[in-house]
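Here is how names work: the chains are called A, B, and so on, in the same order as the sequence lines, proteins then strands, and each is numbered from 1. As the structure is a prediction and not an experimental result, all values here were calculated from the model. Computed over heavy atoms, backbone and side chain alike; hydrogens, waters and symmetry mates excluded.
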There are 2 protein chains.
Amino acid sequence: MIESIGKARLSDIVADRLKQYIVDEGLSPGDRLPTEGQLAASFGISRLSLREATKSLGFLGIVEARPGRGLTVGSIKMDRVTRVIGFHPDLLNADPVSLIGTRVVIETGVLPHVARRMREDPSIRERLLSTNAELESADNLTRFVELDIRFHRLLIESSGLTPLIAFADVLTVFFRRFRESVKKAEWSAGIQAHNQIVEALHEGRIDAASELLRTHIESHAKRIPSNKADKRET
Amino acid sequence: MIESIGKARLSDIVADRLKQYIVDEGLSPGDRLPTEGQLAASFGISRLSLREATKSLGFLGIVEARPGRGLTVGSIKMDRVTRVIGFHPDLLNADPVSLIGTRVVIETGVLPHVARRMREDPSIRERLLSTNAELESADNLTRFVELDIRFHRLLIESSGLTPLIAFADVLTVFFRRFRESVKKAEWSAGIQAHNQIVEALHEGRIDAASELLRTHIESHAKRIPSNKADKRET
DNA sequence: ATTGGCAGATTGTCAGATAAACTTGATTCA
DNA sequence: TGAATCAAGTTTATCTGACAATCTGCCAAT
């Protein structure tokens, strides 16, 4: 309600007007919009104020701007919308236990899909194993983390459930500090777990793969200072 | 892919940096941010370029700006996200199979956590049943959809895995048109499914609850024109 | 203790400008 | 004749400098 007292900003008004223009004209992704100069003149405002509006819409991909070409109607991509979700309070305030639990839900949840697609497309297994082989030769933490992220992302990608890829990418940002606290002595256990997960999937042992993956992700809980890991009851 | 060729705009870079700052500083809604002038100086850019970033974030409620006071952390307004992108043709093109599959992964994935917490906190069940009772007296589609969203969100909230709430909010934006295509004759089946899920959880029958929930969510596939529902193999 | 005024701080918006990227048309070359 | 190259014009990206509107804190008056 505090919000409704506030005076509307030009940029907000203009953004809404632009959106309405797109709707009214029945425009589709790729269609040209008037130039910044023309729009600013139509609205009777400065070009910079107009840009504040177009940038707002551009943040979600609704409008795209290219020098020399102008403004076009953009396209909505789940990953772009999801990028915004990193500001969601439920993520910003997430405690480590929730982050771990969330990863477990997503990553074990995709395993039936991965296993099915692995049978149809053997290159999935090759790619996972190949990434893991790279992990084995990682010689510094940055590289190890990068490849660990790649392995897990590839696992989710292999499910075909693209929204979950975007979600996992967001989690990666918040989860990074846990990955970076992994001791070198623990790398080989992680790499071994990856291999075991892939083999269990390959053999269609989905429950076993889930259990391995859950244990692998939950291993991060051991390194959380002043935290009581929430024991899972089954 | 067109997007990745394009040079990153200052405003996009800065928006991401601001996000990282908010995360790194552990800031909550209402907390003060550095002023526009200070941020511009820190990033070594002009104040107007900095404003393009803050306006983008402000459009969605993530940052709030008040003359004389400065910038504060806001919270993302998902209803605004819905309003802004809800018109877009790309929402009509969102892949139903992925959306349904993703919802199934997330919502069935939280059930063990919900069941556990239900035993500790009986008000969870009361709240779910109460929302479903409201669903029973919904007399128009808008209300029905709103309450259906609320029921499913409450289910995820009840797990305590807060990041999944954020992700579910994104899915809700893309999934809305499917909910809105539910015929009134089908409402009671949905409401009944909700009740059965809650009771199965209450009785600790997690596998049964998962199956009911999966079936409930996948029921949307039946209404999707020109789509072949991907049969799940178990 | 409360209210009003003022100065300083901060955002909102503008004008004018240059740099970078893109498009189009003309010219040259094989 | 078709393809490649180049120059000019167009458009966005970003900047400097400036003024207007709003807010906050402090001080004086009641």
Side-chain angles (χ1 to χ4, degrees), chain A residues 1-19 21-22 25 27 29-75 80, chain B residues 1-18 21-22 25 27 29-75:
Chain A
M1 66 186 72
I2 301 284
E3 221 175 340
S4 62
I5 295 178
K7 188 166 163 342
R9 311 303 200 261
L10 266 188
S11 54
D12 287 342
I13 294 168
V14 170
D16 287 339
R17 288 276 189 80
L18 275 178
K19 188 194 102 175
Y21 175 87
I22 293 168
E25 298 289 316
L27 300 181
D31 289 346
R32 299 287 286 274
L33 289 167
T35 65
E36 290 182 355
Q38 285 164 349
L39 288 170
S42 308
F43 290 125
I45 61 173
S46 80
R47 204 180 121 232
L48 292 198
S49 293
L50 185 277
R51 285 176 62 80
E52 289 183 355
T54 59
K55 282 303 169 80
S56 298
L57 294 176
F59 197 62
L60 288 174
I62 296 168
V63 166
E64 293 180 357
R66 287 165 60 188
R69 178 173 174 78
L71 301 173
T72 53
V73 176
S75 55
R80 201 165 184 82
Chain B
M1 67 187 74
I2 301 285
E3 225 175 333
S4 61
I5 294 177
K7 186 164 172 314
R9 311 301 200 263
L10 267 188
S11 54
D12 284 342
I13 295 167
V14 170
D16 286 342
R17 289 278 188 80
L18 279 176
Y21 177 85
I22 292 168
E25 298 290 316
L27 300 180
D31 289 347
R32 297 287 287 275
L33 289 167
T35 65
E36 291 181 355
Q38 287 166 349
L39 288 171
S42 311
F43 291 125
I45 63 174
S46 78
R47 203 181 124 229
L48 290 199
S49 293
L50 184 279
R51 285 175 63 80
E52 287 182 358
T54 60
K55 279 301 169 80
S56 299
L57 296 174
F59 191 58
L60 301 175
I62 297 166
V63 165
E64 294 179 355
R66 288 164 60 187
R69 176 173 174 76
L71 301 174
T72 53
V73 177
S75 61

To the nearest Å, give me how far apart CZ (B:Arg51) and C1' (C:dT10) are.
10 Å
How far does CZ of B:Arg17 sit from CG of B:Leu50, to the nearest 0.5 angstrom?
12.0 Å
Figure out the CZ/C1' separation between B:Arg32 and C:dA9, and round it to whole Å.
10 Å
Specify the separation, in whole Å, of atom CZ of A:Arg9 and atom P of C:dT13.
7 Å
Heavy-atom distance under 4.5 Å between the side chains of A:Ile62 and A:Leu18, does that happen here?
no
Exercise: identify the closest heavy-atom pair between B:Thr54 and B:Val63:
O-CB, 4.5 Å
From CD of A:Glu64 across to P of C:dC22 the rounded distance in Å is 13 Å
From D:dT12, D:dT14, C:dT11, pick the nucleotide closest to the side chain of A:Thr35?
D:dT12
Nucleotide nearest B:Glu36 (side chain, heavy atoms from C-beta), chosen from D:dT11, D:dA13, C:dT11
C:dT11
Any heavy-atom pair between the side chains of B:Arg51 and B:Leu48 that's under 4.5 Å?
yes
Phosphate OP1/OP2 of D:dT24: any B:Arg69 side-chain N/O under 4.0 Å:
yes
Walk along nucleotides 14-19 of chain C from 5' to 3' and tag each nucleotide B, S or - by protein heavy-atom contact under 4.0 Å, base first, then sugar-phosphate.
BB-B--
If you find the nucleotide of DNA chain C closest to A:Gly68 and the one closest to A:Glu52, which residue's nucleotide is nearer the 5' end?
A:Glu52
Considering only side-chain heavy atoms of B:Lys55, which listed nucleotide, C:dG12, C:dC22, D:dT14, is closest?
C:dG12
In whole Å, I'd like the distance from the CD1 atom of B:Ile13 to the P atom of D:dT14.
8 Å
Side chain of B:Pro67 (C-beta onward), nearest among C:dA21, D:dT14, D:dT22
D:dT22
From CG of A:Leu39 over to C1' of D:dT12, roughly how many Å is that when rounded to an integer?
13 Å
Verdict with reasoning, B:Leu27 to B:Thr72, per side chain to side chain contact (heavy atoms under 4.5 Å, CB included)
CA-CA 10 Å; B:Leu27 300 180; B:Thr72 53; over 6 Å; no
What one should report as the nearest heavy-atom pair of A:Gly30 and A:Arg69 is O-NH2, 4.5 Å
Less than 4.0 angstrom between a side-chain N/O of B:Arg66 and OP1 or OP2 of C:dT11, yes or no?
no
Any chance you could measure A:Ser75, atom OG, to A:Glu64, atom CD, to the nearest 0.5 Å?
5.5 Å
